[in-house]
Amino acid sequence: MHEERGIDVAGLVREFKGGVRAVDGIDLHVAAGEIYGFLGPNGAGKSTTIKVLTTLLPPTAGSASVAGFDVAREGAKVREAIGVALQDVALDPMLTGHEHMRLQAGLHGIPRSQRAARGDELLERVGLADAADRKSSTYSGGMKRRLDLALALLHGPRILFLDEPTTGLDVQSRTALWEEVGRLAREEGTTVFLTTQYLEEADVLADRVGIIDRGKIVAEGTPAALKAQVSKPTVEVIPHDAEGCGAVRIALAPFGEQVTARRTGSVAVRLEDGVEQLAGIVRALDAANVVVAHLALHEPTLDDVFLAKTGRSLEGSADPMPEDPAAAGAPRPEPAAA
């Protein structure tokens with residue numbers, strides 16, 4: 001089961017004319033049923049990696065197996081096992097949702113007697129049942145993305161590749177798409193390999209994250225582990241009286257190193273022992289007779305990790321996102337068993 005739904009890459013290289021190595025000797029392993037977030041700035045090698053893993057580009061060197069099949073020697077078997085939704089949605093504007101599903105089902109060799117039921121099931125699942133008889137040219141961007149996802153799932157793939165599937169979508173459309181992706185991993189054991197420009201999205205949904213920069217993997221691990229590597233949480237205190245900042249600094253000094261505060265008139269300290277120190281901080285401020293107007297705990301984010309590992313922020317990291325897609329209705333998948 002592990003091999004049938006996993007991805008293994010060793011020393012993978014993809015070189016283009018002029019000696020440009022878009023992918024430069026990467027190693028990675030994605031376990032069965034895992035959601036693996038693949039992050040990197042534009043031109044880092046994300047899309048090239050996906051194209052190699054989905055047999056759209058041959059590797060220059062190294063090896064990669066998807067669902068237990070070698071991408072260079074067993075391309076047809078790889079394609080049978082995977083579903084792919086790339087950045088550009090490939091839909092015929094003159095076909096309806098139903099017609100897209102029937103056409104794709106025929107291309108996959110799904111028996112004629114099963115095509116209608118399978119198509120209806122997936123259109124219902126992605127929230128397009130009411131629009132199934134409309135031409136895709138009338139669909140919104142989010143609806144087109146959801147139809148593209150349904151088409152990628154039509155043949156029941158063991159592994160799903162998603163290349164920036166939510167870029168440019170509104171919050172509601174993102175939430176609907178990620179709700180279905182999370183359900184696939186959690187309930188059906190589908191392995192998901194995705195790239196995204198939204199770090200909050202990867203933080204909530206991905207079991208593990210890999211960061212690629214200039215063709216090389218520069219960091220890999222669970223979101224929590226990666227954040228713990230680069231930073232500790234900070235506490236920021238704003239006294240009711242601005243003149244109280246001195247007393248706040250003295251009260252917070254035993255708890256960690258003072259760092260640049262995010263707000264004017266506040267004091268911030270990086271907590272050496274983590275959030276467990278909060279109770280002691282409150283007692284220390286009370287003992288110092290500090291009247292607190294605002295106290296906030298700032299956890300490190302994947303953007304901090306990305307900045308530390310690549311020296312820059314991800315292009316989409318500042319774009320509007322729901323503060324927590326899980327809270328907005330997208331369930332976080334349970335951790336996959338290795």
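In this text the structure is predicted, and so the values were computed from the model without any measurement.
Heavy-atom contacts from other residues, nucleotides or ligands closer than 6.0 Å to CZ of R134 number more than 12. Within a 6.0 Å sphere centred on CD of E299, other residues, nucleotides and ligands contribute more than 12 heavy atoms.
Annotation: salt bridge (Lys or Arg N to Asp or Glu O under 4.0 Å) contacts of R21 (sequence neighbours excluded): E15, D24. Listed by chain and residue number, T222 satisfy the side-chain contact (heavy atoms from CB on, under 4.5 Å) test with A224 (two or more places apart in sequence, or in another chain). Remark: E74 engages no residue in a salt bridge (Lys or Arg N to Asp or Glu O under 4.0 Å) (not counting sequence neighbours). Considering only residues two or more places apart in sequence or on other chains, F193 meets the ring-ring contact (aromatic ring centres under 6.0 Å, His included) condition with Y36, F38, F161. With sequence neighbours left out, the salt bridge (Lys or Arg N to Asp or Glu O under 4.0 Å) criterion links R208 to E34, E220. Applying the salt bridge (Lys or Arg N to Asp or Glu O under 4.0 Å) rule to K144 yields no partners; only residues at least two apart in sequence or on another chain are considered. In this structure Q172 satisfies the side-chain contact (heavy atoms from CB on, under 4.5 Å) test together with D170, sequence neighbours excluded.
Following chains of ILVMFWY side-chain contacts shorter than 4.5 Å, one cannot reach L95 starting from M143, and the two form parts of different hydrophobic clusters. Connection of L302 to L297 is not established within any shared hydrophobic cluster, with ILVMFWY side chains joined at heavy-atom distances below 4.5 Å, either directly or through further cluster members. Clustering ILVMFWY residues whenever any of their side-chain heavy atoms sit less than 4.5 angstrom apart, transitively, puts L28 in the very cluster that holds L12. Residues I217 and V13 do not share a hydrophobic cluster, defined by chaining ILVMFWY side chains whose heavy atoms lie under 4.5 Å apart. When the side chains of ILVMFWY residues are joined at heavy-atom separations under 4.5 Å, either directly or via intervening members, V275 and L285 end up in a single hydrophobic cluster.
Applying the 4.5 Å side-chain rule to ILVMFWY residues, one finds that V282 remains a lone member of its cluster.
Here the side chains of L153 and L160 are in contact, with some heavy-atom distance below 4.5 Å. Within the 4.5 Å cutoff, the side chain of V235 has no heavy atoms near those of the R270 side chain. Taking the side chain as every heavy atom from C-beta outward, L128 and L147 approach each other to under 4.5 Å. The closest side-chain heavy-atom distance from L57 to F16 is below 4.5 Å. Within the 4.5 Å cutoff, the side chain of V269 has no heavy atoms near those of the E257 side chain. The closest side-chain heavy-atom distance from L271 to K232 is not below 4.5 Å. Between D133 and H98, the closest side-chain pair of non-hydrogen atoms falls below 4.5 Å. By the 4.5 Å heavy-atom criterion applied to side chains, S136 and H100 are counted as neighbours.
For the salt bridge (Lys or Arg N to Asp or Glu O under 4.0 Å) condition, the pairs that include at least one residue of residues 118-127, sequence neighbours left out, are R118-E121, E121-R125, R125-E180, R125-E188. Judged as a side chain to side chain donor-acceptor pair (under 3.5 Å), not a single pair has a partner in residues 59-72 (not counting sequence neighbours).
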(request) Please report the C-alpha distance between L194 and I35 in whole Å, then the side-chain angles of each, then the deciding distance to 0.1 Å, and finally whether the side chain to side chain contact (heavy atoms under 4.5 Å, CB included) criterion is met. (result) CA-CA 8 Å; L194 67 98; I35 297 181; 3.5 Å; yes

(request) I would like to know whether E201 and R174 meet salt bridge (charged side-chain N to carboxylate O under 4.0 Å, His left out); could you show each step before the answer? (result) CA-CA 9 Å; E201 198 164 66; R174 287 177 189 163; 5.1 Å; no

(request) Decide yes or no on side chain to side chain contact (heavy atoms under 4.5 Å, CB included) for T301 and L199, but give the supporting numbers first. (result) CA-CA 8 Å; T301 67; L199 294 172; over 6 Å; no

Side-chain donor-acceptor pairs of residues 48-55 under 3.5 Å, sequence neighbours excluded:
| from | atom 1 | to | atom 2 | distance (Å) |
| --- | --- | --- | --- | --- |
| T49 | OG1 | G45 | O | 2.7 |
| T54 | OG1 | I50 | O | 2.8 |
| T54 | OG1 | K51 | O | 3.4 |
| T55 | OG1 | R79 | NH1 | 2.8 |

Atom pairs and distances, donor-acceptor, side-chain atoms in residues 243-254, under 3.5 Å, two or more places apart:
none

